Trainee: 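Below is the structure I would like to discuss, written out as structure tokens.
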Amino acid sequence: MPSDNTFKIGLCMAGAVSAGAYTAGVMDYLLEALEEWQRRKDSGEANVPSHNVEISAMGGASAGGMTGIISAAALFDPIVPVKVAPDDLLAEIPGSTLYHSWVDLVSANMMDLMLNTDDISKDGLQSGLNSTFIDQIAERAVSVRGESAVKRKYVSKNLPLFVTLSNLNGMDFSVTFRSNTPKLDKYMVTSHNDYVCFRLVEDENGYRGDGFIPLNFGKKLNTELAKNAAMATGAFPVGLKAREIVRDSKYLNDMDWFKYITRDAGRLFPKGDYKTVNVDGGLINNEPFEQLRKILIAETGQDKAEEYQRYDTFKSTVLMVDPFPSEPGEFKGTTALKSVVGNTLSAMIDQSRVKPSTLIDTLDSNNAGQFLIAPVRYYEAGGKEESVEGPLAIACGSLDGFGGFICKEFRIHDYFLGRANCEKFLIDHFTVPRDTVNPIFTSGYSGIENNALTKFISRSDGGLQIIPIFAGRKDEAYMPVFSNGKIFPGIREQQIRSYRKKMKKRVEKIILNISDNSKLENVLLWIGAKVVLNGKLADAAISTILKSLEKHKLLE
């Protein structure tokens with residue numbers, strides 16, 4: 001159970017592809033704010049709120065899950081926030097694991113790497129795009145200098161973290177029926193919703209028998225598994241390479257989240273390694289907030305919604321970072337086969353992500369159990385301040401999240417937008433009512449002089465900041481000026497069209513790889529690919545990219 005003055009946060013990070021740069025920026029500022037508050041408390045400075053806020057768990061899907069693993073590794077070394085962009089805008093910042101992993105990647109020009117055909121061999125095609133750069137980033141991100149995590153009072157000593165997976169193997173379990181056919185009395189069900197769960201510990205003795213795999217980046221304890229899990233949760237189907245995960249089956253048998261498959265169904269996994277092929281975790285579970293809630297319930301003992309959804313009583317909350325927050329959309333479709341195929345796939349993905357109704361009911365902005373940081377960008381138009389929200393606010397939002405691979409400036413923009421959005425969120429929205437009777441905050445803010453208290457009061461709702469911010473927005477711009485002379489980046493159409501030749505070459509090699517040229521029909525297919533098909537596919541890809549960039553106002 002937490003001490004009386006500790007408030008716990010479960011960080012839920014949704015999928016985002018290259019817009020993971022936005023989530024990384026949010027994490028960068030969040031850690032900076034917590035570090036600054038802790039420094040002031042430790043120094044005995046006057047008029048510093050005395051309560052504690054602890055990151056008690058992290059979980060995510062796809063880019064969010066990758067950011068969780070990267071952030072956990074970053075805790076083993078000093079964290080230096082990236083407050084402003086470098087003078088040389090495209091310069092790398094290897095001292096920041098978050099920035100280096102999500103903004104620098106491995107090249108300013110990622111398109112040349114992702115269209116390169118060196119990954120296509122006779123052994124088989126792995127993905128539509130060359131994904132070898134992901135292995136380089138993952139290996140770099142889990143390589144740390146410290147042997148133990150740097151002690152930070154605002155992070156749980158034995159931090160649990162997890163990623164979601166779409167497990168292509170599937171996990172079978174049965175429901176028994178009374179039947180007239182004794183051999184067919186079991187109704188088999190297959191679940192593809194999978195998780196790999198870790199807990200930061202000193203050594204193997206830290207395992208609690210709960211399915212959370214012991215992890216220590218400094219001592220290389222299960223770091224290879226963590227690296228593979230990070231790559232697996234971000235393996236966007238077809239576009240990026242699927243990944244294999246090998247883990248001891250005891251971790252699945254011990255995990256309560258799988259008990260309906262294992263213990264309740266009387267079907268434990270056999271002892272030994274359990275090997276799966278996995279794709280993007282966001283395909284099935286893109287916002288795993290319900291799993292974070294389960295961890296927080298175990299931490300606080302508050303298992304009733306009337307406790308954790310009320311500001312006067314809650315001891316924890318789920319904080320979600322989502323670069324692509326869900327919005328109601330208008331159905332556009334016909335009975336034409338092309339339309340039906342696309343909408344069927346969308347329907348299957350949407351349905352697989354549906355949360356239980358009891359959890360949907362809790363997603364009410366008047367409730368205290370969950371908060372959301374999502375993109376919002378401000379700009380001046382006609383002498384007035386206007387805003388853009390959601391995917392159109394971020395540069396990496398183009399091409400359904402792949403836009404950040406086109407231009408490094410897109411990733412730079414989203415990183416600093418994430419920082420700015422997190423700052424404003426903590427100052428004005430992550431609050432409790434000023435008249436709260438919650439003992440965590442009444443005690444934490446007691447003794448603060450009135451003139452000092454003012455800076456901890458939200459300008460938006462008049463509430464008290466849960467995480468006190470000591471230095472608000474300064475006069476300098478939060479966003480650098482990009483090569484187009486603006487604070488929102490862009491790219492020229494000519495640059496996009498210059499990739500046509502490489503696209504054609506990759507399409508051609510993909511078609512050749514999946515065909516057997518010893519057969520006449522495949523020779524004809526090769527000729528068709530060489531002369532017509534690969535060119536048309538490249539043209540279609542170029543057209544799609546340009547339309548998306550234009551929609552996001554990124555085309556110069």
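What you see is a predicted model, and the numbers here were worked out from it, not measured in a lab.
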Trainee: Taking Asp312 as the fixed residue, which of Thr436, Asn438, Thr442 is the one that meets the side-chain hydrogen bond (donor to acceptor under 3.5 Å, both in side chains) rule?
Mentor: Thr436

Trainee: So does Gly272 get a backbone contact from the side chain of Ser249, meaning a donor-acceptor N/O pair under 3.5 Å?
Mentor: yes

Trainee: Mind listing the closest non-hydrogen atom pair of Ser62 and Asp280 along with its distance?
Mentor: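 The pair with the smallest heavy-atom distance is OG-OD2, 3.0 Å.
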
Trainee: Between Thr317 and Ala368 (side chain of the first, backbone of the second, donor and acceptor by atom type, cut-off under 3.5 Å), is there such a pair?
Mentor: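 Side chain of Thr317 to backbone of Ala368: a pair is present.
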
Trainee: Any ion pair linking Glu423 and Arg419 (charged N to carboxylate O, less than 4.0 Å)?
Mentor: no

Trainee: Any donor-acceptor pair under 3.5 Å linking the side chain of Asp28 with the backbone of Ala24?
Mentor: no

Trainee: Show your reasoning for whether side-chain hydrogen bond (donor to acceptor under 3.5 Å, both in side chains) applies to Ser191 and Asn193.
Mentor: CA-CA 6 Å; Ser191 173; Asn193 184 23; 5.6 Å; no

Trainee: Would a distance-only check, ignoring hydrogens and angles, find a side-chain to backbone donor-acceptor pair under 3.5 Å from Gln291 to Gly59?
Mentor: no

Trainee: How far apart are the closest heavy atoms of Asn158 and Arg199, and which atoms are they?
Mentor: O-CG, 3.3 Å

Trainee: Looking at every non-hydrogen atom in both residues, tell me the closest pair between Cys396 and Asp414 and how far apart they are.
Mentor: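 Distance-wise, the nearest heavy atoms are N-OD2, 2.8 Å.
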
Trainee: Please give me the minimum heavy-atom distance between Leu372 and Phe425, naming the atom from each residue.
Mentor: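 Nearest pair, atom of Leu372 first, then Phe425: O-CE1, 3.7 Å.
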
Trainee: So, applying ring pair (Phe, Tyr, Trp, His ring centres under 6.0 Å) with Phe456, which one of Phe430, Phe441, Phe470 is it?
Mentor: Phe470

Trainee: Check the pair Phe7, Phe314 against ring pair (Phe, Tyr, Trp, His ring centres under 6.0 Å), reporting the backbone distance first and the verdict last.
Mentor: CA-CA 8 Å; Phe7 185 78; Phe314 76 148; 4.8 Å; yes

Trainee: Looking at Arg263 and Asp256, does any basic side-chain N land under 4.0 Å from a carboxylate oxygen?
Mentor: yes

Trainee: Among Leu221, Asn216, Leu215, find the one that has a side-chain contact (heavy atoms from CB on, under 4.5 Å) with Leu200.
Mentor: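 The passing option is Leu215.
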
Trainee: Would the number of heavy atoms belonging to other residues, nucleotides or ligands and lying under 6.0 Å from CZ of Arg140 be above 12?
Mentor: yes

Trainee: When you measure from the side chain of Arg293 to the backbone of Gly369, do you find a donor-acceptor pair of N or O atoms at a distance under 3.5 Å?
Mentor: yes

Trainee: Counting only heavy atoms not in Asp210 (residues, nucleotides, ligands), do more than 12 fall under 6.0 Å from its CG?
Mentor: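 Yes, because the 6.0 Å sphere around CG of Asp210 holds more than 12 heavy atoms from other groups.
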
Trainee: To check you understand the geometry: which heavy-atom pair defines the closest contact between Val201 and Pro214, and what is its length?
Mentor: CG2-CB, 3.5 Å

Trainee: Please test Glu307 against Asp303 for side chain to side chain contact (heavy atoms under 4.5 Å, CB included), starting from the C-alpha separation and ending with a verdict.
Mentor: CA-CA 7 Å; Glu307 292 178 317; Asp303 59 353; 4.2 Å; yes

Trainee: Look only at the side chain of Arg243 and the backbone of Ala232, and say whether a donor-acceptor pair between them is shorter than 3.5 Å.
Mentor: no

Trainee: Could you report the tightest heavy-atom contact between Gly404 and Ser18, atom names first, then the distance?
Mentor: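 Of all heavy-atom pairs spanning Gly404 and Ser18, the closest is N-OG, 2.9 Å.
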
